[in-house]
Each structure stands twice: as structure tokens, then as C-alpha cells.
Amino acid sequence: MSDGKEAFDAAVIGSGMAGLTAAIYCRRYMLKVVVFAREPGGVITESALVENWPGEKAISGVELMEKVRAHAEGLEAHFIFGEVESIAGRAGGFAVHLSGGAVETASAVILASGSDRRKLGVPGEKEFAGRGVSYCATCDAFFFRGKKVAVVGGSDSAAASAELLSRTAGKVYILYRRDRLRAEPVRVERLERAENVEIRYRTKVVEILGGDAVTGVKLDDSTTLAVDGVFVEIGFEPANRLARGLGVKLDEAGFIEVDEGCRTSVPGVYAAGDVTTGTNRMRQLVTAAAEGAIAAESLFEDLKQLPLQF
Ligand SMILES: Cc1cc2nc3c(=O)[nH]c(=O)nc-3n(C[C@H](O)[C@H](O)[C@H](O)COP(=O)(O)OP(=O)(O)OC[C@H]3O[C@@H](n4cnc5c(N)ncnc54)[C@H](O)[C@@H]3O)c2cc1C
């Protein structure tokens, strides 16, 4: 692995709150750290309003994460944007393989890969992603002004998305397979009163239809509903692909098992944020930040004991 490139002490996967906080703490420990991510900021950048980050009464997710990233950059954390394909190696010598073929090396790894949106898995979903199929109402509501849209799901975040869309879309259908929304009662009441919202219970989408873009959905009673947009809001699952590749122990739901030091079952591999079983499974910004800091501290302590491989 000696291609002339200097190895990093720590490779952090993810530039959400967990990954960026880990990078900040790594730099405070004067570790050479690189952050890998598909995009800056992580999942909270989808939220227009954050009201529980201490010190900020109300701030958009984008603005908050710009501040955190600037903090990490100011401390000279290194950033590489792109898809991490796989990670191989062992404590003291890991190779991080990027989708473009580049390889970076690091003595230890912090997995802060967050979660992925759960997919419906029906025909048309993949084909029309970005052409009418969306997983983020905050990001895409603007494109459906005055149009008909369907929100698939019945959780609180599905209800929140439907509410947001009802402010701009012409008509919002909530399509839910159960017989009662699992959202905050206040929100359910508001949706039930809204004139442009129709909730259809015991309804499953079996196909998303369209030509150049979405034109409708086929339902499990064989009828078709004409819509211009489909917002899939059926939850999240842990983004554990890289962890699986490393042989890291996961819980039954696929979250990375961590101890109180955010250590995983594989030496030299740490995990933080939404992807873990840590901090009482709260999966909030403050707990992601806390785990990022703890993971960096454990890594710093363990690194002192490790013989370097590069
Ligand atoms: C709509 C919404 C609103 C929310 N509102 C709040 C709120 O008001 N307050 C609150 O406390 N919490 C809120 N949350 C929860 C909060 O956003 C999360 O708990 C927190 O952001 C998790 O941070 P994280 O760093 O663990 O993961 P994420 O922010 O999901 O970051 C994961 C990172 O990993 C990267 N990544 C993953 N796999 C790869 C790979 N293979 N290659 C390269 N990069 C990869 C991604 O690009 C991303 O940068 C909200 C969540 C959502 C979805």
C-alpha cells in the first residue's frame, strides 16, 4: 500500500453531525483525519427547521451543518466527497476504496454513515426517482406547486410531509396500508380538516406509473390514482453496508452494536450516530454529536497502543 500517499490516522465515513463532530474531536487530538461523504451535511439538511440544537432557538438544517462543517474545515480536517465502496484491513491499517477507484489509507475508521430511506420496492420506483418519485418533501415540495401528489406512509414524518405539501400542492393523498395514522394526534387532526388532503387507509401502492415523469400510481385494489408526484415516507434503515463488509457485529435490526466508548466488535473500527445502537437509540443531533466525540476519544486512546501498518 505504499503508493507515496501519506496515511491518515482516522478515516471518518459520513459528514453528518456524528462524522463532523468526530472530525472536530480528532483534530483537537491532533490526529490526521479525513472525512468521506456523498454530500456535505447529512440527513438533517433535509429539515427546514431545527429547534432543539442547544444554542440555536431555530435554525435550518443546512445552515447548522454549514457552521459545523466550517468548524471542522477550520481545524484542517480533510474532506473527500464521493461514494465509499468498501473498507478492508485491520486495526493500524485500513484501506478505504472509493467508487472512482481511488484508495486512501488510515489507521482506524469511524463509521458515521447514518441511515438510508426505506424503499417501497415496487415497479417504477427506481425508474422515476427524481422524475416524480421523491424521498424528501422539504427538498422537493416546491416542484409540485398546484399539482396532485401522493404521500405513501403513515408515520409522523409521513404526516409532516403531507402537511408541508398541503401548503403548496393542489391535492395531497395519503396512502397508508394500516387503518390509522401513527402520527402526533394534533397533526392528524389538522390533516383530517385540510380541504386538499385525502387519507386513504388500507391502501397499498403496487406500481408507480408514468412516461417521461410520474403520471399515477396503481393500487392494490387494481384502481389507478392520477398523481404527478409520489413521496415515499416509510422510514429509515441503518446504512450498514460498509460495516457488514468489515464484519462488524450488528443488532437484529441492522444497527451497529457499540460499547459505551463507541467501539464496535472489530478493533480499530468505531461507530457513531444514527447507524449505531448507542445513546439509548435516541437518534437525534445531540446524540450523534456526542457519539462522534466519544468515538474520536476512544480512537485516540487506542491508537497509542497500535503498531502502524503503513
Ligand atoms: C426530516 C428530518 C428532520 C429531523 N429533525 C431533527 C431535529 O429537529 N432535531 C434533531 O435532533 N434531530 C432531527 N432529525 C434526526 C437527525 O437528523 C439525525 O439524528 C442526525 O442527523 C444523524 O446524524 P448522523 O451523522 O448519524 O447521520 P447522517 O446525517 O445521516 O449522515 C450520514 C453521512 O454518511 C454518508 N455516507 C453514508 N454511506 C456512505 C458511503 N458509502 N459513502 C460515502 N458517504 C456515505 C452520507 O453521505 C452522510 O454524509 C431529523 C431527521 C430528519 C430526516
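Ligands are counted one by one from 1 in listed order, and the atoms in each one are counted from 1 as well.
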Starting from Tyr173, can I reach Ile208 by hopping between I/L/V/M/F/W/Y residues whose side chains sit under 4.5 Å apart?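 Same cluster: Ile208 reaches Tyr173 through Ile, Leu, Val, Met, Phe, Trp or Tyr contacts under 4.5 Å.
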Please give me the minimum heavy-atom distance between Ser115 and Asp274, naming the atom from each residue.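 Reported closest heavy-atom pair: OG-OD2, 4.2 Å.
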Sub-4.0 Å heavy-atom contact, [X] with ligand 1:
| X | result |
| --- | --- |
| Ser15 | yes |
| Gly82 | yes |
| Glu291 | no |
| Trp53 | no |

Only heavy atoms count here, so choose which of [options] is nearest to [atom].
| atom | options | answer |
| --- | --- | --- |
| atom 30 (O) of ligand 1 | Val43, Ile87, Leu20 | Val43 |
| atom 41 (N) of ligand 1 | Gln284, Glu83, Met17 | Glu83 |
| atom 20 (C) of ligand 1 | Ile44, Thr287, Asp274 | Asp274 |

Any idea which atoms of ligand 1 are less than 4.0 Å away from a heavy-atom of [X]?
| X | value |
| --- | --- |
| Gly273 | 26 (O) |
| Gly16 | 25 (O), 29 (O), 31 (O), 49 (O) |
| Ala37 | 43 (C), 44 (N), 49 (O) |
| Ala112 | 32 (C), 33 (C), 34 (O) |
| Glu39 | 46 (C), 47 (O), 48 (C), 49 (O) |
| Arg283 | 15 (C), 19 (O) |
| Phe236 | 53 (C) |
| Ala18 | 25 (O), 26 (O) |

Heavy atoms only, cut-off 4.0 Å: how does Val84 contact ligand 1, side chain, backbone, both, or neither?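 Answer for Val84: both.
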Which residue owns the protein heavy atom closest to [atom], what's the atom, and how far is it?
| atom | answer |
| --- | --- |
| atom 8 (O) of ligand 1 | Asn52 OD1, 3.8 Å |
| atom 3 (C) of ligand 1 | Ser47 CB, 3.7 Å |
| atom 38 (N) of ligand 1 | Arg38 NH2, 3.4 Å |

Polar proximity ligand 1 side, Arg117 side, N/O cut 3.5 Å exclusive: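 No.
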If you measure every N or O of Leu242 against every N or O of ligand 1, does any of those distances drop under 3.5 Å?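 By distance alone, the answer is no.
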Would you say the side-chain atoms of [X] pair up with the backbone N or O of [Y], donor to acceptor, closer than 3.5 Å?
| X | Y | value |
| --- | --- | --- |
| Arg117 | Tyr135 | yes |
| Asp116 | Glu237 | no |
| Ser161 | Ser157 | yes |
| Arg241 | Glu85 | yes |
| Asn240 | Phe255 | no |

Going by the angle between their ring planes, with limits at 30° and 60°, are Tyr25 and Tyr29 parallel, tilted or perpendicular?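 The rings of Tyr25 and Tyr29 sit tilted, inter-plane angle from 30° to 60°.
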Strictly less than 4.0 Å: does any protein heavy-atom distance to atom 52 (C) of ligand 1 fall in that range?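 Answer no: nothing from the protein, no heavy atom, is under 4.0 Å.
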List the steps and the verdict of salt bridge (charged side-chain N to carboxylate O under 4.0 Å, His left out) for Lys119 and Glu125. CA-CA 8 Å; Lys119 305 285 189 305; Glu125 182 179 25; over 6 Å; no
Looking at the rings of Phe231 and Phe144, which for Trp means the six-membered one, are their centres under 6.0 Å apart?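 Ring-ring flag for Phe231/Phe144: true, centres closer than 6.0 Å.
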Donor-acceptor side-chain pairing of Thr264 and Glu257 below 3.5 angstrom: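 Thr264 vs Glu257: no donor-acceptor pair found between side chains.
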Name the residue from Arg200, Arg182, Lys204, Arg202 that meets the side-chain hydrogen bond (donor to acceptor under 3.5 Å, both in side chains) definition with Tyr176.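 Single pass found, and it is Arg182.
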